[in-house]
2 protein chains.
Amino acid sequence: MNILLVEDEPKVADFIRKGLQEQLHPVELAYDGLFGEKLALENEYDLVILDVILPGISGLELCRRIRRFKPDLPILLLTALGSTKDKVAGLESGADDYLVKPFHFDELLARVKALGRRRLLTSPGVQYRIADLEVDGYKKTVRRAGKEIILTAKEFSLLELLIVNKNRVLSRTHIAETVWGINYDRGTNLIDVYINYLRSKIDKGFTPTLIHTVIGMGYVLKEE
Amino acid sequence: MNILLVEDEPKVADFIRKGLQEQLHPVELAYDGLFGEKLALENEYDLVILDVILPGISGLELCRRIRRFKPDLPILLLTALGSTKDKVAGLESGADDYLVKPFHFDELLARVKALGRRRLLTSPGVQYRIADLEVDGYKKTVRRAGKEIILTAKEFSLLELLIVNKNRVLSRTHIAETVWGINYDRGTNLIDVYINYLRSKIDKGFTPTLIHTVIGMGYVLKEE
DNA sequence: ATCTTCCACCAATAGTATGTTCATGTCGAG
DNA sequence: CTCGACATGAACATACTATTGGTGGAAGAT
């Protein structure tokens, strides 16, 4: 899930960004409201996390502006203030959810997941299986025919995307945006390379093969 | 917190499972009493949620059976019956708490949290083991291959977290929050250093090694 | 008070796996 | 046969992690 984080305190920003990246979400960061607005409007994020206290324009104002042009984009507000009045103000600005700092990171993750599910319908982070391949998004493990397979973070992220959308052809563009982030735009065959890595780890030596190329369109994970 | 849910109505089961997973609890599901009993006795859960009305054996009977072998395992009963008599019957069967359907999910969550906390606080005698490593959460002792190993407080706390979540990849963020408390400071490699301390004490010179790095994601304690 | 010891923590450096690119090889369609 | 599209292997760069030495402070001993 592509996430835009607007937070001016470097330490907090870093903490949140790293935590989300450890869950394999691509994260982009804006240090002030104006830049945040620019990014939010120019790109297609799945979620925006906004600090209320920002230099430039306030989080609430930014929230309203984003909401005006992107009514469906989920917005999560962060703030140090915890009064009911603040919460109401936040929600009235169009935020979908509200989290008071300091928070336990798991709490943030839970809300991120909840907001993400609203538009994706599928939520990575649970268990998936196809044929004799099992992917556990919680433990971050992969097994084929009962045997554990070790993947790197990027490989896992790619496989998770494929298995969540099994039987559906995924374009390279879509894969790039989901796994590598919004602003991925290199003229290389990086995705092909990673598909190749995955194949050698989860398909080589097993039947049936699960990763299929659809020429001109992209890749699918399916049986047969 | 690992949760076992025994519930035969698929809709209700799904509702509860999804809600709990959103809070990042791993949930396993049994659709009848016998299978529930098998799972409960064979695995290490932190909490069992039981429907009273079940095919096979009843929830009350199941509760008694589990209680016989796992006196410390928290059990939460769910039922459509709301009379005092029913509640008493449930609690007398050894359940720790009782919730009448239909309920608001927040209510369930609150109880789940409460039972979880109780277990963490009053968890004397919790012993964990993986391969030839034994950790006694009560005596605060650690042994590998029968030989006692002396750890400092922080080291023990870290090891305890790892072994409670064995086979699951733990992110640095999660580790930082659990062992060191909420802190935004990821500017140092303190966690890496403590992992290194632990490795030198419990892995060095032994096979198999138990602490594994998952680059980009965190660390796991597991065999293999 | 002072000394000693141990623990928690930090920072710099060395080390390694991963991420990325590029050149080349293969395959099928037309 | 030729082209486009994809697969593959290897080389390179980067990012992440391991390791070690050192600092400071707290607790206990003298």
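Keep in mind the model is a prediction, meaning the values are calculated, not measured. Reminder, nothing fancy here: chain letters follow the sequence lines and each chain counts from 1.
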Starting at NE2 of B/H212 and ending at P of D/dC16, how long is that distance when rounded to a whole Å?
22 Å

Take the protein atom CG of A/L190 and the nucleotide atom C1' of D/dC6, then report the distance between them rounded to whole Å.
15 Å

If the cut-off is 4.0 Å, is B/W180 near the phosphate of C/dC9, judged by side-chain N/O to OP1 or OP2?
yes

Rounded to the nearest angstrom, tell me the gap between atom OH in B/Y219 and atom C1' in D/dA18.
8 Å

Using a 4.0 Å heavy-atom cut-off, does A/I215 contact any base of the nucleic acid, only the sugar-phosphate backbone, or nothing at all?
sugar-phosphate

Nucleotide D/dA18, atom P - distance to NZ of B/K204 in whole Å
13 Å

Residues A/E61, A/R65: salt bridge by 4.0 Å N-O rule:
yes

B/D46 side chain vs B/N2 backbone, donor-acceptor pair below 3.5 Å
yes

Quick one: do A/E148 and A/K139 make a salt bridge, cutoff under 4.0 Å?
no

Does a salt bridge link A/R143 with A/D136, judged by any charged N lying under 4.0 Å from a carboxylate O?
no

Under-4.0 Å side-chain N/O to phosphate OP1/OP2 contact, A/T152 with C/dA17
no

Atom OH of A/Y194 and atom P of D/dG9 are separated, to the nearest Å, by 16 Å

Check: C/dT20 base within 3.5 Å donor-acceptor of A/N189 side chain
no

Please give, in whole Å, the distance from D/dT8 P to A/L198 CG?
12 Å

Check whether any side-chain N or O of B/D14 sits under 3.5 Å from a backbone N or O of B/P10 as a donor-acceptor pair, and report yes or no.
no

So which nucleotide from D/dT19, C/dA8, D/dT8 ends up closest to the side chain of A/N196?
D/dT8

Do any side-chain nitrogens or oxygens of B/T213 fall under 4.0 Å of OP1 or OP2 in D/dA18?
yes

Hey, is the side chain of A/R172 poking within less than 4.0 Å of OP1 or OP2 on D/dC6, counting only N and O atoms?
yes

By nearest-heavy-atom nucleotide on DNA chain D, the more 5' of A/M217 and A/Q21 is A/M217

Whole angstrom is fine here: how far is it from OH in B/Y197 over to C1' in D/dT19?
10 Å

Interatomic distance where CG belongs to A/D192 and P belongs to C/dG25 [whole Å]:
18 Å

Mapping A/T188 and B/K154 onto DNA chain C by nearest heavy atom, which one lands closer to the 5' end?
B/K154

